[in-house]
Trainee: 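Structure incoming, see below.
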Amino acid sequence: MKKIHYREWGIDSPRYWGLLAVLAAIVAVGGFATLYMEHEGHWVTGMTNQVVWGTPHVFAIFLIVAASGALNVASIGSVFGQKMYKPLARLSGLMAITLLVGGLIVLVLDLGQPTRLIVAMTTYNFKSIFAWNIYLYVGFLAIVAVYLFTMMERKANPYSHGVGVVAFVWRLALTTGTGSIFGFLVARQGYDAAIMAPMFIIMSFAYGLALYLLVLMFAFNTDERPLGDVLLRRLKNLLGVFVAAIFYFTLVYHLTNLYGTENHEFEAFILRDGGVYTWTFWLGWVLLGMLVPMGILFHPALGMQRGAIVIAALLVVIGGLSAIYVIVIGGQAFPLSMFPGYTVLESGYYDGVGGLARHYAPALPEVLLGLGGFALALLATFVAVRILQFLPASLADEVLDPHKAN
Amino acid sequence: MSQPTDQPSNTGRREFLAGATGVAAATVVAPGVFLQSVANAAPRDTAVSSDVRYGMLIDTSKCADGCNDCVTACDKENGLDMLVKPEGADDELWDMQRPRWIRTVKLRNNLTGHVSTLPMMCQHCEHPPCVDVCPTGASFRRADGIVMVDRHTCIGCRYCMMACPYNARSFIHEAVQFKLTATPRGKGCVESCNLCVQRRDNGGTTTACQDACKQGAIVFGDLKDPNSAVSQAMSKYPTVQIRADLKLNTGVRYTDV
């Protein structure tokens with residue numbers, strides 16, 4: 001492999017500032033939506049006392065999961081020694097930080113008392129996976145920042161492998177923690193499954209790589225930097241394998257649920273009778289999020305077309321948001337099984353009368369807050385690549401010299 | 001993780017407040033009007049003890065269909081009836097967002113067709129999932145078995161509501177305009193039945209829902225005292241816990257479900 005040179009993102013000024021202005025506007029709208037929700041209270045959202053986590057959580061969890069996955073590209077290079085991935089590592093570390101910050105901000109701004117963040121940072125209950133996650137998130141940011149330093153400062157390069165290993169292990173712990181938020185909830189039929197943790201890890205691999213691919217291709221395309229077919233083929237094949245792995249975990253999750261009679265009603269809800277959740281599952285999570293992208297990525301002709309790869313990556317993102325929506329909202333919409341063997345005829349608090357699902361419809365401010373987090377992550381990424389040397393000047397095949405790689 | 005509330009950790013502050021309130025109590029604002037009475041303050045100086053465990057027995061056979069007295073009494077006791085619906089709020093959605101510390105549920109046994117009515121509220125578990133998951137420890141269990149929320153450290157994450165198997169908690173979705181001194185409430189925090197903790201701390205022996213139930217379906221008391229009315233009643237009838245499979249050892253038990 002030839003020596004890799006890194007250069008700031010050289011997109012021309014009007015386009016650059018235009019892009020920043022659009023993203024900043026989305027962030028600002030998200031900010032106003034947050035102020036509105038915080039001022040009025042959560043009654044202006046679609047959230048209720050039965051569906052307590054709404055659309056902001058869907059965006060936040062997606063971004064947090066994708067953040068740990070975005071770091072994989074760097075890990076493949078420095079932990080698993082795949083030389084071809086090393087030039088990709090800086091952007092990978094950067095996106096791990098920006099996506100996590102975007103997700104965390106959405107999460108914090110949706111708290112009932114966001115100004116009490118300092119309480120959350122100083123008062124801990126260590127039996128809570130949430131409390132552990134606060135450490136895991138903050139630690140992740142610090143470790144990846146050091147990791148980036150070891151990659152970007154020549155004198156620190158020798159430490160890059162060691163720090164990379166720590167970052168890789170940490171990110172596995174982080175996504176395990178995020179999955180366990182649901183895995184540890186014994187009360188709800190849709191959760192309380194140990195498979196949640198590994199499923200979230202494999203989801204993070206795919207969602208993080210999909211976002212990484214989109215940003216990489218966009219940045220290189222707009223800057224007219226060469227991006228070789230060999231590298232792209234590897235990345236898109238890797239994405240295909242990760243999506244296939246989500247498919248496997250989705251299958252196992254539902255098959256194991258279907259085996260136990262106690263979960264039949266929940267499975268019927270998600271797979272057949274759940275209305276919007278059933279549609280989101282089959283159409284969003286399964287068809288658009290897994291089957292179509294796999295079809296594109298593994299297709300001998302389509303899989304090599306850049307436009308098709310972009311569509312596949314976008315579909316993986318849409319599928320990811322759908323999957324998190326079904327898990328977070330669908331899991332709450334299904335009534336608690338409080339009285340097994342009984343039918344609830346009347347209730348003063350929506351206890352699933354007649355087995356009916358709990359109501360939730362996202363309100364506009366919730367969606368705007370979530371999109372604001374997305375835009376903030378992208379904004380921070382594009383500012384960083386503009387002022388620091390995150391992007392390699394070329395990823396052309398002859399630069400990476402794939403035949404001698406590995 | 002339960003908070004060691006039986007530790008006299010805040011004694012200095014409490015003494016100061018008690019003294020300050022005492023001075024205030026002696027201050028006549030207008031003829032016959034006092035700022036704050038401290039007549040019942042004495043028990044507050046005593047640390048909460050694990051020698052007692054408060055709990056309830058609900059005799060479902062006595063719970064009358066269509067009766068809502070316990071709910072009304074709870075709302076009045078805790079100031080939930082002072083709630084003002086936000087202007088412009090959708091009626092249907094608001095009804096799902098407004099707090100309920102206790103509600104009545106009507107059930108039909110799928111096999112036998114038997115219909116029963118019962119009140120549901122926080123079950124005051126010995127091992128409460130809401131306490132396990134709370135990141136800040138705001139959701140805590142007192143030494144006397146009462147599970148409640150410390151409104152100073154609740155950040156409004158609602159993870160406790162995700163974890164509760166009984167749908168017992170409410171999130172305050174709106175700005176609170178009116179509230180009772182004994183029941184501080186505020187937007188963005190989670191709350192639930194606390195077995196009328198203000199009565200416990202002021203030497204009261206009943207709960208509002210128990211007082212309101214004309215049928216005598218609710219018996220409240222110390223589960224650790226074999227002579228208490230609740231223990232006596234529990235020894236006479238077979239009782240069940242809701243979701244006993246979770247092994248939470250609830251402080252609220254039911255008969256004749």
Side-chain angles (χ1 to χ4, degrees), chain A residues 38-53 107 110-114 116-117 119-120 122-134 181-182 184-188 191 331-332 335-351 353 358-359 361, chain B residues 1 68 71 86 89 92-100 102-111 115-117 120 129 131-139 152-159 161-167 169-175 186-190 242-243 245-246 257:
Chain A
E38 289 306 331
H39 179 72
E40 292 287 340
H42 274 64
W43 72 268
V44 297
T45 71
M47 290 175 246
T48 64
N49 283 323
Q50 287 75 43
V51 177
V52 300
W53 286 354
L107 200 65
D110 185 51
L111 290 176
Q113 294 277 352
R116 289 188 184 168
L117 186 61
V119 175
T122 51
T123 317
Y124 290 105
N125 163 25
F126 285 109
K127 202 174 174 187
S128 167
I129 189 69
F130 248 24
W132 282 97
N133 279 347
I134 294 168
I181 289 175
F182 300 96
F184 288 177
L185 290 175
V186 294
R188 290 180 191 259
Y191 308 142
Q332 295 175 83
L336 288 168
S337 109
M338 220 180 305
F339 307 101
Y342 291 83
T343 300
V344 180
L345 300 176
E346 290 169 22
S347 163
Y349 207 49
Y350 304 91
D351 292 300
V353 177
R358 278 105 158 254
H359 171 83
Chain B
M1 193 173 72
N68 214 34
V71 178
E92 215 173 314
L93 183 61
W94 168 244
D95 199 52
M96 299 176 205
Q97 295 172 326
R98 56 157 300 155
R100 280 258 183 271
I102 184 171
R103 79 273 191 183
T104 54
V105 180
K106 192 171 168 182
L107 302 168
R108 186 184 58 221
N109 187 311
N110 291 341
L111 185 68
V115 174
S116 48
T117 310
M120 273 302 291
V131 173
D132 289 344
V133 302
C134 177
T136 64
S139 185
H152 295 289
T153 48
C154 173
I155 58 172
C157 73
R158 284 105 72 204
Y159 197 19
M161 300 177 75
M162 292 288 281
C164 175
Y166 306 107
N167 194 21
R169 294 205 153 177
S170 302
F171 178 67
I172 307 182
H173 285 73
E174 73 295 334
K187 180 180 75 180
C189 282
V190 173
I242 309 286
R243 293 284 328 243
D245 59 314
L246 297 175
V257 177

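Order of the sequence lines fixes the chain letters, A, B, ..., with proteins taken first and strands second; residue numbering starts at 1 for each chain.
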Trainee: Can you give me the closest heavy-atom contact between A/Leu336 and B/Pro165, atom names plus distance?
Mentor: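 The answer is CD1-O, 3.6 Å.
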
Trainee: Can you name the nearest heavy-atom pair linking A/His359 to B/Leu93, along with the distance?
Mentor: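 Heavy atoms only, the tightest pair is CD2-CD1, 4.4 Å.
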
Trainee: Kindly indicate, with the supporting measurements, whether the criterion side-chain contact (heavy atoms from CB on, under 4.5 Å) is fulfilled by A/Met338 and B/Asn167.
Mentor: CA-CA 9 Å; A/Met338 220 180 305; B/Asn167 194 21; 4.1 Å; yes

Trainee: Quick one: closest heavy-atom pair of B/Cys189 and A/Gln113, and the distance?
Mentor: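 Here B/Cys189 and A/Gln113 meet closest at SG-NE2, 3.9 Å.
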
Trainee: Checking side-chain contact (heavy atoms from CB on, under 4.5 Å) for the pair A/Gln50/B/Met96: CA distance, chi angles, key distance, verdict?
Mentor: CA-CA 7 Å; A/Gln50 287 75 43; B/Met96 299 176 205; 3.8 Å; yes

Trainee: If you count heavy-atom pairs under 4.5 Å between each of B/Phe171, B/Tyr166, B/Trp94 and chain A, which one has the most?
Mentor: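 Max contact count across the listed options: B/Phe171.
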
Trainee: Hey, which of B/Val257, B/Val115, B/Leu246, B/Ile172 has the most heavy atom pairs under 4.5 Å with chain A?
Mentor: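 Highest number of heavy-atom pairs under 4.5 Å: B/Val257.
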
Trainee: Quick check for you: among B/Arg100, B/Met161, B/Met162, which has the greatest number of heavy-atom pairs under 4.5 Å with chain A?
Mentor: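 Most pairs with chain A among the choices: B/Met162.
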
Trainee: For B/Thr136 versus A/Ala120, what's the shortest heavy-atom pair and its separation?
Mentor: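 Closest approach of B/Thr136 to A/Ala120, heavy atoms only: CG2-CA, 3.9 Å.
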
Trainee: Under a 4.5 Å heavy-atom cut-off, does chain B meet the side chain of A/Gln332, its backbone, both or neither?
Mentor: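 Side chain only.
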
Trainee: Got a second to check how far A/Asn49's CG is from B/His173's NE2, nearest 0.5 Å?
Mentor: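 So the gap between those two atoms works out to 5.0 Å.
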
Trainee: Is A/Ile181 close to chain B through its backbone or its side chain, or both, or neither, when contacts mean heavy atoms under 4.5 Å?
Mentor: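 Contact with chain B involves both backbone and side-chain atoms of A/Ile181.
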
